Asker: 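Dropping the structure in here first, questions after.
Please read these numbers as outputs of a predicted model, since none were measured by experiment.
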Number of protein chains: 2
Amino acid sequence: MDNWIDMNGPDGDVVLSSRIRLARNLSDFPFPIAMSDDDAAKVKAQVRDSILKSNTVLSRDFDYVDLAKTTPLDRMAFVERHLISPDLAREYKRGAVLLSRDEKVSIMINEEDHIRIQTIFPGLQLKEALDLADKIDDVMEENLKYAYDEEIGYLTSCPTNIGTGLRASVMLHLPALVMSDQIKNVLANLNKIGLAVRGIYGEGTEALGNIFQISNQITLGQGESEIIENMIGVTKSIISNERYVALEMYKNNKMRIEDMVYRSYGILKSARILSSEECMKHLSNVRLGKNLGIIKAEMPINGLLVYTQPANIQKIEGKELSPFERDVARAAYVRERIK
Amino acid sequence: MDNWIDMNGPDGDVVLSSRIRLARNLSDFPFPIAMSDDDAAKVKAQVRDSILKSNTVLSRDFDYVDLAKTTPLDRMAFVERHLISPDLAREYKRGAVLLSRDEKVSIMINEEDHIRIQTIFPGLQLKEALDLADKIDDVMEENLKYAYDEEIGYLTSCPTNIGTGLRASVMLHLPALVMSDQIKNVLANLNKIGLAVRGIYGEGTEALGNIFQISNQITLGQGESEIIENMIGVTKSIISNERYVALEMYKNNKMRIEDMVYRSYGILKSARILSSEECMKHLSNVRLGKNLGIIKAEMPINGLLVYTQPANIQKIEGKELSPFERDVARAAYVRERIK
């Protein structure tokens, strides 16, 4: 089964991915923060079986990974691929994750909540991601007793998730808005309407590869479809903004944009030592170049943004590497994938 | 007839070119600084005819260029190719130059002296350059009356050139000595033994492309062959120094050197805007890479170092260009020649 990341999605020029997360808890157990190791083990087993022993096609699509049995490198690689959260990687001893083979679905067990169903789709596909998450939710609910209140909805460990337990997010590549310095206004406006913005790897990584993750903050008092429609509307407006600014910028600085794009392409094809940050910078430039039609060649840029991260490059090499060795391996990997 | 610059010469990894200059004056005229316009015109005609109307093969190999009839761009391009001096370009109204088609020989007329015979050969070929200069000198002397004193030799406008009137120089590419910071010692030692060091385009251009021009300063009291043997000996010692340091540097920093070389190669193949300085930096790195066997592809680096200079790139384009247009034309020219 191919990984979702190498597929094209709608509005894929700007939207790297759409993610849905549903927070669920089991009514027979205290929230993870308050439960015993024994409870944690029972939750892991029940949730695992709800998928692997279900009478659906899902039972064959998923792998169960007990995080207590993984290496730090494994966990870091999962985090880089957004399959588990940094929190779960830290609290791995009682945690587990169910992963679909295409990595479109990851079900975290014993993170802040007992269950967090996550679905990721390429491009702008929030509805599709929600549909899949809902389907998985239904399958699991057949075998699990959720903590649910008729009036307020799903109960969660943190009050901000109560209600639908839904978080919707999109990962956007916004090089033109960054270069034209218009990103500040865009981000300020998003905050005003209650959406949170982070970098590709959380707070403080905003500049990395000009990639921004936008997510809803309010889960109570809004229905699922209301949340999704709102996110889609906002995202579409950012998409057209980015496209317009990119074209204007290119029209007014044709040679400078082409110079920037081709230099980045040349460096990615040439460098023998490549830091993660420099790599993302050049991948971002080349991605812009492809969107503007400057570069025609096909190349797996979205995948490279993830697989060149420190832990994943070590997983690809099959061993732990020093920072310098990683930079050498990253350069070799990029040359190989991009030529 | 192919231009000398695209040919390989002995020790061509380090020595870009060997140059000989003979200063001569006509006994029937005052030195250029003191002569009338009428005298200047007569000198131009006599010197021109001494070659073009000689009974030798030379008469067919040379073009006569009256500098009064050239554009500023023509003259600047000649300077960049080292065919005339900046001084003659400034005082062009009374000046002329005889150029051999392969540009190995240029005979400047009415520079500081009435005649300056210059020969340029690729690589370390000072003797060959001197042989050719002497041959041309002999042909000219058949038709001209030189200012010559039996005791002190050729009389010249400036006392530093009296005697043989000979200046010998080599153009050296010394990236490893620069990178290892050993160049300072080398240059200090050269000054101690009476040799002058400049950058490729004179004083103050030392850093450009890691290229250094070394020339003798004393022309009186030394024979031609003594001057040449001395220059060859010094040059050979610098060559082995550069080669040793380059290999050591590569051995100890293999990946970093390859990264530097391939990045420069990648940028030269990719950039759409390229300043003269940046271009020389990358050409220098690629040249080092070729010398170290990192890059195998053939490319005309020595020629590019000259033809990418501001005036020559405009001559190639066939029109005057703004600085930005030059940077664009330079990038296109380099991509075309290097691919």
Side-chain angles (χ1 to χ4, degrees), chain A residues 179 249-279 281-283 285-290 292-297 299 308 313 317 321-339, chain B residues 179 249-279 281-283 285-290 292-297 299 308 313 317 321-339:
Chain A
M179 276 184 250
M249 208 170 62
Y250 185 37
K251 208 171 66 185
N252 297 327
N253 304 278
K254 193 162 182 300
M255 207 48 84
R256 291 200 189 282
I257 299 290
E258 291 185 2
D259 184 57
M260 182 189 77
V261 166
Y262 277 113
R263 277 174 184 253
S264 284
Y265 192 29
I267 286 172
L268 291 178
K269 286 192 291 186
S270 308
R272 263 55 186 173
I273 304 172
L274 201 54
S275 74
S276 176
E277 271 192 34
E278 193 195 351
C279 183
K281 183 184 97 178
H282 295 310
L283 286 172
N285 288 343
V286 171
R287 201 175 189 286
L288 175 66
K290 280 199 52 78
L292 289 170
I294 298 169
I295 293 180
K296 313 281 184 215
M299 57 192 90
T308 57
I313 204 75
E317 290 291 304
L321 302 172
S322 71
F324 179 76
E325 288 169 335
R326 287 205 294 266
D327 289 352
V328 171
R330 179 178 299 111
Y333 180 67
V334 170
R335 287 201 309 280
E336 177 61 30
R337 297 293 312 266
I338 220 168
K339 74 181 177 192
Chain B
M179 277 184 246
M249 209 170 61
Y250 185 37
K251 208 171 66 184
N252 297 328
N253 305 278
K254 194 163 181 301
M255 207 48 85
R256 291 200 188 281
I257 299 292
E258 290 185 2
D259 184 57
M260 182 188 77
V261 166
Y262 278 113
R263 277 174 184 253
S264 284
Y265 191 30
I267 286 171
L268 291 178
K269 286 191 291 185
S270 309
R272 261 56 185 172
I273 304 171
L274 201 55
S275 74
S276 177
E277 272 193 33
E278 193 195 351
C279 183
K281 183 184 97 177
H282 295 309
L283 286 171
N285 288 343
V286 170
R287 202 176 189 284
L288 174 67
K290 282 201 50 80
L292 289 170
I294 297 170
I295 293 180
K296 313 283 185 215
M299 57 192 91
T308 57
I313 204 73
E317 290 292 304
L321 302 173
S322 71
F324 179 76
E325 289 168 336
R326 287 205 294 266
D327 290 352
V328 171
R330 179 179 297 110
Y333 181 68
V334 170
R335 286 202 310 281
E336 177 61 30
R337 297 292 313 264
I338 220 169
K339 74 180 176 194

Asker: Hey, what do you get for CD1 (B:I273) to CE (A:M255), rounding to the nearest 0.5 Å?
Answerer: 7.0 Å
Asker: Counting a contact as any heavy-atom pair under 4.5 Å apart, which residues of residues 328-339 of chain A contact chain B?
Answerer: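 So the qualifying residues are A:V328.
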Asker: At under 4.5 Å between heavy atoms, what parts of residues 258-271 of chain B are in contact with chain A? List them by residue number.
Answerer: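 Residues of residues 258-271 of chain B touching chain A at under 4.5 Å: B:E258, B:D259, B:Y262, B:R263, B:G266, B:I267, B:S270, B:A271.
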